[in-house]
Amino acid sequence: MPALPASVRTTILYAVHSNLFISLATVSVAVTTARLVGLPLEPLPLFLVFAATMFVYSINRITDLAEDERNVPRRAAFTKRYGRRWLALGVALYVLAILVAVAAGVPGAGYLLLPLVAAVLYSMVGLKRVFLVKNCFVGAAWGVIPLGVGYYYDVLASPGILFLAAYVFAMITVAAVVFDVKDIEGDREEGIATVPIVVGPRWTRISAQVANVAIAAGVVAVVAADLLEPSFLVVLAMNAYVATYIPFATPDRTPLYYGFVVDGEHVFLAAVVLVADWLTVL
């Protein structure tokens with residue numbers, strides 16, 4: 001993103017490296033879910049999602065430091081300098097989230113321990129080393145967010161919640177595969193098999209685009225079958241966004257591309273949903 005002023009680039013990179021932006025992205029999933037299903041936006045569930053994300057990704061930055069030194073040296077340098085401070089903040093927010101949820105009597109507060117289990121399985125047990133499992137695991141972790149929103153508002157079994165859980169799972173799995181393109185060198189040295197290493201960047205992009213189009217077709221089919229309101233077609237905006245960034249996913253792209261453009265897909269969708277909601281289009 002060379003056209004951006006240096007100060008703006010620095011600010012965005014700080015948000016990306018510190019996990020503030022990825023935490024905003026998961027909050028965006030909760031916002032999209034709430035508005036599409038017709039639920040009010042309350043600060044507590046949004047805070048719970050933000051805190052859990054900051055905790056999980058801060059752990060991952062520490063455990064992935066060796067790989068990051070080869071794949072994204074600037075992020076690794078940031079982690080070496082500030083990583084433990086952000087991890088401390090992530091732990092503090094996560095503990096606070098659990099305490100607040102318990103004190104407020106939030107239904108299913110015990111499920112807030114799932115991010116801890118996810119962090120251990122992914123970063124410490126080594127699920128990230130299993131071909132395709134790591135991508136599906138990340139997709140599933142994000143797909144839990146709509147389910148959590150549904151559980152919080154006691155509408156877990158509603159078609160909209162179940163659809164968004166499946167949609168987020170599918171789209172994040174695709175994004176996780178694309179994201180691996182930037183990590184080819186480090187993953188190969190670590191002996192981690194990923195889709196870009198097995199089939200190469202070009203076929204990874206082709207496969208990701210095919211999957212993206214198939215998901216979009218599935219969305220249209222579900223709405224055409226009257227299983228969901230036409231307002232859910234708004235998620236196709238994200239499929240269009242993803243279709244735009246996939247062709248440019250190459251190993252030489254900067255952290256701004258992967259950490260801001262690719263990870264920004266759900267921020268983009270939430271913005272579209274909020275604007276559509278404000279214009280009473282939904």
Side-chain angles (χ1 to χ4, degrees), residues 15-30 45-69 71-72 75-76 78-102 106 108-149 151-152 165 168-169 171-173 175-177 179-180 182-183 186-187 190-192 194 255 258-259 262-263 266:
V16 168
H17 292 337
S18 64
N19 301 316
L20 285 171
F21 188 71
I22 195 69
S23 299
L24 173 63
T26 54
V27 169
S28 296
V29 175
L46 301 184
F47 168 68
L48 297 180
V49 171
F50 182 91
T53 305
M54 180 63 72
F55 170 70
V56 171
Y57 277 85
S58 294
I59 289 178
N60 184 251
R61 293 292 182 263
I62 298 294
T63 58
D64 279 5
L65 186 56
E67 295 167 41
D68 285 350
E69 286 180 324
N71 297 325
V72 277
R75 190 172 80 182
F78 182 94
T79 301
K80 284 183 176 179
R81 185 172 183 180
Y82 303 110
R84 296 192 181 280
R85 300 178 193 176
W86 282 101
L87 176 59
L89 176 61
V91 171
L93 288 175
Y94 182 56
V95 171
L96 177 61
I98 293 174
L99 293 176
V100 169
V102 172
V106 173
Y111 290 121
L112 283 172
L113 293 177
L114 287 177
L116 175 59
V117 175
V120 171
L121 289 175
Y122 185 82
S123 298
M124 299 176 187
V125 173
L127 280 184
K128 65 182 180 181
R129 293 180 170 274
V130 184
F131 182 67
L132 280 180
V133 170
K134 62 169 281 189
N135 308 107
C136 293
F137 185 82
V138 173
W142 282 64
V144 167
I145 298 173
L147 297 178
V149 172
Y151 195 93
Y152 181 88
V168 171
F169 163 73
M171 294 301 291
I172 287 294
T173 300
V177 170
F179 217 88
D180 283 338
K182 75 172 179 55
D183 295 334
D187 286 342
E190 290 289 322
I192 300 174
T194 64
Y258 289 99
V262 176
D263 274 346
H266 281 285

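The chain is numbered in sequence order, starting from 1.
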(request) Tell me, please, which residues at least two apart from Val144 pass side chain to side chain contact (heavy atoms under 4.5 Å, CB included). (result) none
(message) List the residues meeting side chain to side chain donor-acceptor pair (under 3.5 Å) with Thr53, not counting sequence neighbours, and say none if there are none.
(response) Thr26
(request) Go through the structure and list residues passing ring-ring contact (aromatic ring centres under 6.0 Å, His included) with Tyr258, not counting sequence neighbours. (result) Phe179
(request) Check whether any side-chain heavy atom of His266 sits under 4.5 Å from a side-chain heavy atom of Val27, and report yes or no. (result) no
(request) Under the ring-ring contact (aromatic ring centres under 6.0 Å, His included) rule, collect the residues that match up with Phe137, sequence neighbours excluded. (result) none
(request) Evaluate the side-chain contact (heavy atoms from CB on, under 4.5 Å) criterion for residues Leu132 and Thr173: first the C-alpha distance (whole Å), next the side-chain angles of each, then the deciding distance (0.1 Å), finally the verdict. (result) CA-CA 9 Å; Leu132 280 180; Thr173 300; over 6 Å; no
(request) Measure the CZ-CG distance between Phe55 and Asn19 for me, rounded to the nearest 0.5 Å. (result) 12.5 Å
Scan the side chains in residues 79-97 for donor-acceptor partners under 3.5 Å anywhere in the protein, sequence neighbours excluded, and list what turns up.
residue, atom, partner, partner atom, Å
Thr79, OG1, Arg75, O, 2.9
Lys80, NZ, Glu69, OE2, 2.5
Tyr94, OH, Leu112, O, 2.4

(request) For residues Ala165 and Gly143, report the shortest heavy-atom separation together with the two atoms involved. (result) CB-O, 3.5 Å
(message) Within this structure, what is the CG-CE distance for the pair Leu24 and Met54, rounded to the nearest 0.5 Å?
(response) 10.0 Å
(message) Counting only heavy atoms not in Phe47 (residues, nucleotides, ligands), do more than 12 fall under 6.0 Å from its CZ?
(response) yes
(request) Would you please name every residue forming a ring-ring contact (aromatic ring centres under 6.0 Å, His included) with Phe169, sequence neighbours left out? (result) none
(message) I need the minimum non-hydrogen distance between Leu20 and Phe50, along with the two atoms involved.
(response) CD2-CZ, 3.9 Å
(message) Could you report the tightest heavy-atom contact between Ile172 and Gly139, atom names first, then the distance?
(response) CG2-CA, 3.6 Å
(request) For Ala76 and Leu65, work out which heavy atoms get closest and say how close. (result) O-CD1, 3.6 Å
(message) Rounded to the nearest 0.5 Å, what separates atom OG in Ser28 from atom CG in Leu46?
(response) 9.5 Å
(message) Suppose the criterion is side-chain hydrogen bond (donor to acceptor under 3.5 Å, both in side chains): which pairs have a residue in residues 135-145, not counting sequence neighbours?
(response) Tyr57-Trp142, Asn135-Asp180
(message) Please give me the minimum heavy-atom distance between Val16 and Gly259, naming the atom from each residue.
(response) CG2-O, 3.6 Å
(message) Would you compute the distance between atom CD1 of Ile22 and atom CG of Asn60 and round it to the nearest 0.5 angstrom?
(response) 10.5 Å
